[in-house]
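Quick caveat, the model's predicted, so the values are computed rather than measured.
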Amino acid sequence: MSRRSVNTKRGKRNRSLWLLLIVALIILYLTAWPVPIEPVTWEAPSNPGYNGAFESNKLLKDIQKLPLGDNHGPEDIALDSQGRIYASTHEGRIVRLQPDGSSSENWVETGGRPLGIDFDKSGNLIVADAFRGLLSIAEDKTITELATEADGVPISYANDVDIAVDGKIYFSDASTKFGAKEWVGTYEASLLDLMEHGGHGRLLVFNPTDGSVQTLLDNLNFANGVAVSHDQTYVLVNETGNYRVIRYWLNGPQKGQSETFLKDLPAFPDNISTGLDNRFWVALVSPRSAVLDQLSDKPFMRKVVQRMPAFLRPKAQRYGHIIAVDSSGNVVQNLQDPQGTYPLNTAVTETEEYLYIGSLIAPNIGRWSKPVEF
């Protein structure tokens, strides 16, 4: 055998050994590399898809877009007594627009990541800030921290907020384990919490009379949107990880008890708001992930997925979708845009003329003109 043949065989053998070593290292990495999640076994509920009450349509396709200047990601929208429009943005600013939406200004920076917003009776803007907790911003832009912990546990991901007639402030702490600031962003932290499904979310209430904070519900899988009912007898909280809305009773014979109000949604519910005519509006940020549902009872495989490059893991899909439900949880409005012209909807604020719609990524506020028969 010639020396060239010997070298060729040796080279092939070495390449095979290197290939085996690389494959072994990849397998070791995918099966043993430490990850921050400890996935919990659960059973994903049935997915109705875009059928029945959620039948696909294009009603949101021609939505108007209001400028946000050099900002993006308007998580939530609120209007003051003068009709001016406020939005919480990814840049950490509260942006204010004139009532006609023609111009915007950077009204105030919270020093964190403002998410849910709502005005109290005194005209203060109450903010669920994912980095800082529950805040109050006065008209002169003075920022006051109302709550940074509940029951001795830091509020690490304040998410949405709503204010009852009696002044009590109901808000969510999305995850006590995967804090938004610690994990360098609300989106990044949310993906970790949803992948683990460990029940780290809470529904909280702040009492402005004595400054106390009470936990009403815990063990929620990513606690998100919050809305007090029109008659003030209950509060709703979106449990994003379980594709449902939970009702917690504030008054009446079921006071202190909770139950499922709306379930088996075809997408991840983000914020919920109290609308007109006894409606509640739910913003559906992204269609459900088939992979995530299929792996719900396979915690080991969810760890494997978490070790993959970020671009290979489940992520939010561009889609526009908001729904309205009545006080019994029945869907009464279903507005969609499958093309995601205004994508990843996070919130809805209803007025007599418009629906103001938030987005996880858009550089503007969506405004949809309500038809006469709406």
request  = State, yes or no, whether a side-chain contact exists between Ile163 and Tyr170 at a heavy-atom distance under 4.5 Å.
outcome  = no
ask   = When the ring centroid of Phe222 is compared with that of Tyr157, is the distance short of 6.0 Å?
value = yes
Minimum side-chain heavy-atom gap Leu236-Val226 below 4.5 Å = no
key: Candidate pair Asp162 and Thr274, rule side-chain contact (heavy atoms from CB on, under 4.5 Å), full reasoning   = CA-CA 9 Å; Asp162 197 17; Thr274 306; 3.8 Å; yes
message = Please evaluate residues Thr351 and Leu79 with respect to the criterion side-chain contact (heavy atoms from CB on, under 4.5 Å), reporting the C-alpha separation (whole Å), side-chain torsions for both, the decisive distance (0.1 Å), and the verdict.
response = CA-CA 9 Å; Thr351 67; Leu79 276 68; 3.8 Å; yes
ask   = For Leu146, which of Val213, Leu135, Ile126 qualifies under side-chain contact (heavy atoms from CB on, under 4.5 Å)?
value = Ile126
request  = Step by step, work out the side chain to side chain donor-acceptor pair (under 3.5 Å) result for Ser327 and Asn278.
outcome  = CA-CA 7 Å; Ser327 58; Asn278 291 315; over 6 Å; no
inquiry  = Apply side-chain contact (heavy atoms from CB on, under 4.5 Å) to residues Arg132 and Ile143 and explain how you reach the verdict.
reply    = CA-CA 11 Å; Arg132 297 187 58 185; Ile143 300 177; 4.0 Å; yes
query = With a 4.5 Å heavy-atom cut-off, do Val235 and Ser229 have their side chains touching?
reply = no
inquiry  = Contact between Ile137 and Asn124 at the side-chain level, heavy atoms closer than 4.5 Å - yes or no?
reply    = no
task = For salt bridge (charged side-chain N to carboxylate O under 4.0 Å, His left out), just list the numbers for Arg93 and Asp70, CA-CA rounded to whole Å, side-chain angles, deciding distance to a tenth of an Å, and then say yes or no.
result = CA-CA 10 Å; Arg93 305 183 185 116; Asp70 57 347; 3.5 Å; yes
task = Not counting sequence neighbours, list each pair that qualifies as a side chain to side chain donor-acceptor pair (under 3.5 Å) and has a residue in residues 280-292.
result = Trp281-Glu350, Arg288-Asp293
key: Thr233 versus Asn251, side-chain donor and acceptor atoms under 3.5 Å   = no
key: Heavy-atom pair with the smallest gap, counting every atom of Thr346 and Ser359   = OG1-N, 3.2 Å
ask   = Mind checking whether Val331 and Phe54 have side chains closer than 4.5 Å, heavy atoms only?
value = yes
message = Set out, in order, the CA-CA distance, both residues' side-chain angles and the distance that settles side chain to side chain donor-acceptor pair (under 3.5 Å) for His321 and Asn334, then state yes or no.
response = CA-CA 8 Å; His321 194 183; Asn334 171 45; 2.8 Å; yes
inquiry  = Strictly distance-based, threshold 3.5 Å: is any side-chain N or O of Lys315 a donor or acceptor partner for the main-chain N or O of Arg313?
reply    = yes
inquiry  = I need the minimum non-hydrogen distance between Gly179 and Ala189, along with the two atoms involved.
reply    = O-CB, 3.8 Å
request  = Flag the pair Phe206 / Phe171 as yes when their ring centroid distance falls below 6.0 Å, and as no otherwise.
outcome  = no
ask   = Looking only at side chains, do Ser175 and Asp193 share a donor and an acceptor under 3.5 Å apart?
value = yes
ask   = Is the count of non-hydrogen atoms from other residues, nucleotides or ligands lying under 6.0 Å from Gln254 atom CD greater than 12?
value = yes
request  = Measure from the ring center of Tyr319 to the ring center of Tyr50 and say whether it is less than 6.0 Å.
outcome  = yes
task = Step by step, work out the salt bridge (charged side-chain N to carboxylate O under 4.0 Å, His left out) result for Glu196 and Arg302.
result = CA-CA 8 Å; Glu196 176 167 300; Arg302 300 216 303 279; over 6 Å; no
message = Checking Phe268 against Asn224 for the side-chain contact (heavy atoms from CB on, under 4.5 Å) test, could you report, in this order, the C-alpha distance in whole Å, the side-chain angles of both residues, the deciding distance, and whether it holds?
response = CA-CA 10 Å; Phe268 293 95; Asn224 210 323; over 6 Å; no
Check: Val153 main-chain N/O paired with Asp151 side-chain donor or acceptor under 3.5 Å = no
request  = Ignoring hydrogens and angles, tell me if any N or O in the side chain of Thr89 forms a donor-acceptor pair with the backbone of Asn71 under 3.5 Å.
outcome  = no
query = For Gly358 and Ile77, which heavy atoms make the closest approach, and how far apart are they?
reply = N-CD1, 3.4 Å
His197 and Asn242 side chains, donor-acceptor separation under 3.5 Å = yes
request  = Could you tell me which non-hydrogen atom of Arg202 sits nearest to which non-hydrogen atom of Leu204, and how far apart they are?
outcome  = CB-CD2, 3.9 Å
ask   = If you look at every heavy atom in Ala267 and Tyr243, which pair is closest and at what distance?
value = O-CD2, 3.9 Å
request  = Answer yes if the ring centres of His230 and Phe280 are under 6.0 angstrom apart, and no otherwise.
outcome  = yes
message = Is the shortest side-chain heavy-atom distance between Ile365 and Leu68 below 4.5 Å?
response = yes
remark   = Rounded to the nearest 0.5 Å, the OG1 atom of Thr176 sits from the CG atom of Asp218 at a distance of 9.0 Å
inquiry  = Just verifying a value: how many Å separate Glu75 CD and Asn271 CG, rounded to the nearest 0.5 Å?
reply    = 5.0 Å
query = So if you build clusters from Ile, Leu, Val, Met, Phe, Trp, Tyr with side-chain heavy-atom gaps below 4.5 Å, do Phe300 and Ile37 land together?
reply = yes
inquiry  = Looking at Lys141, I want to see if its NZ is surrounded by more than 12 non-hydrogen atoms of other residues, nucleotides or ligands under 6.0 Å.
reply    = yes
query = Thinking salt bridges, do Glu91 and Arg113 make one under a 4.0 Å N-O criterion?
reply = no
key: salt bridge (charged side-chain N to carboxylate O under 4.0 Å, His left out) between Arg96 and Glu139, worked out   = CA-CA 12 Å; Arg96 182 166 69 184; Glu139 176 60 28; 3.6 Å; yes
inquiry  = Using a 3.5 Å distance criterion without hydrogens, assess whether the side chain of Asp76 forms a donor-acceptor pair with backbone atoms of Ile117.
reply    = yes
ask   = After noting the C-alpha distance and the side-chain angles of Asp129 and Thr110, does the key distance pass the side chain to side chain donor-acceptor pair (under 3.5 Å) rule?
value = CA-CA 8 Å; Asp129 190 296; Thr110 69; 2.7 Å; yes
task = Before giving the answer on side chain to side chain donor-acceptor pair (under 3.5 Å), spell out for Thr240 and Asn238 the whole-Å C-alpha distance, their side-chain angles and the decisive distance to 0.1 Å.
result = CA-CA 6 Å; Thr240 302; Asn238 287 355; 6.0 Å; no
ask   = Looking only at heavy atoms, which two atoms of Asp173 and Ser156 are closest? And how far apart?
value = OD1-N, 3.4 Å
ask   = Under 6.0 Å from the CD atom of Glu43, do we count more than 12 heavy atoms belonging to anything else shown?
value = no
ask   = Is the gap between the ring centers of Tyr86 and Trp107 under 6.0 Å?
value = yes
task = Treat each ILVMFWY residue as a node, draw an edge where side-chain heavy atoms are under 4.5 Å apart, and state whether Leu335 and Ile63 are in one component.
result = yes
message = Other residues, nucleotides and ligands only: do more than 12 of their heavy atoms fall within 6.0 Å of CD on Glu55?
response = no
request  = Could you tell me whether Glu352 and Lys370 have a side-chain N and a carboxylate O separated by less than 4.0 Å?
outcome  = no
query = Is the NZ or CZ atom of Arg367 positioned over Tyr356's six-membered ring, under 6.0 angstrom from the centre and within 45° of the axis?
reply = no
